[in-house]
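Since the structure is predicted, the reported quantities are computational estimates derived from the model, not experimental observations.
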Amino acid sequence: MNKAKKINLRDFGSLFALLFLVLVISVISADFRTVDNFLSLLRQSSINGLIAFGMTLVILTGGIDLSVGSILALTMAIAAKMIVSGVTAPVAMLAALAGGTLLGLISGVMITKGRLQPFIATLISMTIYRGVTMIFSNGKPISGLMGDNMVSNIVLSAVGKGTMLGVPVPVWILIVSFAVVYFLLHNTTFGRRIYAVGSNSKAAALAGVNITKTKLIAYGMSGFFAAFSGMILLSRLGSAQPTLGTGYELDAIAAVALGGTSLNGGRGKIMGTLIGVLIIAVLNNGLNIIGLSSYYQSIVKGIVILIAVLSDKDR
C-alpha cells in the first residue's frame, strides 16, 4: 500500500514542481501573480505547447524530431509570401498547415523507408528546411501582411492577438489541441499503437500494428503542430522572420522530458507534457520579471531539465 502511494506521488512530481515554482516566484515578485501576467504567460506557452504536443507523439514512438523549428520558420515564410501576394489569410494558413504536415511526413519517410535514425533524419530535415527558408525569403523578413483584405486582417488580428471570453485565442487553441491529442492517445486505436510501437516495435509488428503508418502519422502531426505554432507567431508578429524557430525543438523536447515522457519511447502522458510546457513558461516569465540575466536563465533551465531527466531515470 505504501509503495503504491509512493508511486502515485512520484507520478505527480512535475505538477508539484510547477506549483512550487509558481509559489516561490509569486512570493519573490508581486508582478508575477497578476492576472495580466498569467494570461501573457499562457499566451507565450501556446507556441511551445503545440510543438511539444507533436513532439510527444514522436517521442512516444521512440523517435525524435529536430526539424520542428525549421518547419515553423518555413511555413511562416510560405504563408506570409502568399498573403502579401494577395491570397487571403485563411487560405494561406491552411496551405501552410498542409505544407507543415508534408514536411513532417518527409522526415517520417526517411526514417521508415530510408532506415535512418530519427536523430540523423530530422537533423538533415532541419538543415535543409532552414536553408530553403533562407532562399525563399532571401534572408529577409516578409512583412506587410495587413492590407486591404478585411477577412485577412480580421483573421490575422484574431489568431495571434485576439481574445475570447477574456482569454487569449492562442490559449484556446492550446486547450483544444490538448483535448484532441489526449483523446487520440487515450481513446483510439491509433493511441494504443503509438504506445505499442514505442514500447516494443517488434512485438507490435507481430501483433499486427503497421509500424510504418503509425510513425508516418506521428511525424506528420509533429509537422502540423509546428506549422500551427508558426501561424500563431505570424499573426502575432505581423511578419515572417527567417531565423525564427531556432532552438524551439530543444524547448519542446525539454517540456516532454519534464512532463515525465520517457525519451526511449512507450511511456508518458500528454498531461505531463502540458505541465512541462507550463514549467518552462513559468521559469522564463519568472526569471525575466526577477531580472535575471539571460545567460543565467539558460543555466537555471538546464539544471531544472537535468533534475527532471534524472528523476525520470530513477522512476
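- Linking ILVMFWY side-chain heavy atoms closer than 4.5 Å, directly or via other members, places V24 and L278 in two distinct hydrophobic clusters.
- The 12-atom threshold is exceeded at CZ of F190, counting heavy atoms of other residues, nucleotides or ligands nearer than 6.0 Å.
- The two atoms that bring Y219 and P118 nearest to each other are OH-CB, 3.4 Å, heavy atoms only.
- Proximity of a side-chain donor or acceptor of S67 to a complementary backbone N or O of M126 within less than 3.5 Å is not detected.
- The minimum heavy-atom distance between I51 and A252, with the atom names listed, is CG2-CB, 3.6 Å.
- Within the 4.5 Å cutoff, the side chain of R267 has no heavy atoms near those of the T261 side chain.
- Aromatic ring orientation, F53 versus F178: tilted (interplanar angle from 30° to 60°).
- One hydrophobic cluster holds both F119 and I253 under the rule that ILVMFWY side chains link at heavy-atom gaps under 4.5 Å.
- Looking at heavy atoms from C-beta onward, I270 lies out of side-chain contact with F183 at the 4.5 angstrom threshold.
- Here the side chain of N138 pairs no donor or acceptor atom with the backbone of K140 at under 3.5 angstrom.
- Aromatic ring centres of F16 and F20 lie farther apart than the 6.0 Å criterion allows.
- Note that CD1 of I59 and CD1 of I64 are 4.0 Å apart. Values are rounded to the nearest 0.5 Å.
- Using modelled atom types and a 3.5 Å distance limit, the side chains of T56 and T273 yield a donor-acceptor pair.
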Practice task
Step by step, work out the side-chain hydrogen bond (donor to acceptor under 3.5 Å, both in side chains) result for R192 and T189.
Solution key: CA-CA 5 Å; R192 289 190 289 274; T189 302; 3.2 Å; yes
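- Of all heavy-atom pairs spanning L216 and L105, the tightest one is O-CD2, 3.2 Å.
- A donor-acceptor contact shorter than 3.5 Å is absent between the side chain of S201 and the backbone of V197.
- Contact check for V68 versus D65: side-chain heavy atoms found under the 4.5 Å cut-off.
- Within the 4.5 Å cutoff, the side chain of I83 has no heavy atoms near those of the V87 side chain.
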Handout entry: From CA spacing to verdict: side-chain contact (heavy atoms from CB on, under 4.5 Å), M93, S235
Key = CA-CA 10 Å; M93 288 180 172; S235 302; 3.1 Å; yes
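- Within the 3.5 Å criterion, the main-chain N or O of S26 finds no donor-acceptor partner in the side chain of S29.
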Practice task
Start with the C-alpha gap between I124 and I120, add the side-chain angles, then the distance that decides, and say whether side-chain contact (heavy atoms from CB on, under 4.5 Å) holds.
Solution key: CA-CA 6 Å; I124 293 170; I120 299 300; 4.0 Å; yes
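- With values rounded to the nearest 0.5 angstrom, I47 atom CD1 is found 9.5 Å from L244 atom CG.
- I25 is not listed as a side-chain neighbour of I289, based on a closest heavy-atom distance of 4.5 Å or more.
- Of the N and O atoms on the side chains of N37 and D31, not one donor lies less than 3.5 Å from an acceptor on the other residue.
- I173 and M164 fall within a single hydrophobic cluster, where Ile, Leu, Val, Met, Phe, Trp and Tyr side chains are chained together by heavy-atom contacts under 4.5 Å.
- No side-chain donor from either of D36 and T34 sits under 3.5 Å from a side-chain acceptor of the other.
- The main-chain N or O of L123 is found under 3.5 Å from a side-chain atom of T127 such that the two form a donor-acceptor pair.
- For the pair T122 (side chain) and S125 (backbone), a donor-acceptor distance under 3.5 Å is absent.
- The line from OG of S177 to CZ of F228 is 5.5 Å long, rounded to the nearest 0.5 Å.
- In terms of heavy atoms, A254 sits closest to I280 at CB-CD1, 3.8 Å.
- Residues V282 and F32 are in side-chain contact: their nearest non-hydrogen atoms beyond the backbone lie under 4.5 Å apart.
- In terms of heavy-atom proximity, G144 sits nearest to V84 at O-CG2, 4.1 Å.
- Cluster membership check: L57 shares its hydrophobic cluster with Y248, using side-chain heavy-atom separations under 4.5 Å among Ile, Leu, Val, Met, Phe, Trp and Tyr.
- A donor atom on one side chain and an acceptor atom on the other are found under 3.5 Å apart for Q241 and S239.
- Interatomic distance, NZ of K269 versus CG of L60, reported as 12.0 Å (0.5 Å rounding).
- Considering only heavy atoms from C-beta on, M82 stays 4.5 Å or farther from T88 through its side chain.
- In this structure, the separation between CG on L145 and OG on S157 is 10.5 Å, given to the nearest 0.5 Å.
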Exercise for the section: Under the side-chain contact (heavy atoms from CB on, under 4.5 Å) rule, what do L258 and I275 come out as? Steps first, then yes or no, please. Expected result: CA-CA 8 Å; L258 284 169; I275 293 173; over 6 Å; no
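- Judged by distance alone, the side chain of T112 and the main-chain N or O of G108 form a donor-acceptor pair under 3.5 Å.
- For the atom pair L234 CG and S229 OG, the distance stands at 12.5 Å (nearest 0.5 Å).
- One hydrophobic cluster, built from ILVMFWY side chains closer than 4.5 Å, cannot hold both I290 and L23; they sit in different ones.
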Handout entry: I175 vs V167, side-chain contact (heavy atoms from CB on, under 4.5 Å): CA-CA, chis, key distance, verdict
Key = CA-CA 11 Å; I175 292 171; V167 178; 5.6 Å; no
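- The 12-atom threshold is exceeded at CE of M134, counting heavy atoms of other residues, nucleotides or ligands nearer than 6.0 Å.
- What you find for P242 and R130 is that their closest heavy atoms are O-NH1, 2.8 Å.
- Looking at L97 and T75, their side chains never come closer than 4.5 Å, going by heavy atoms from C-beta outward.
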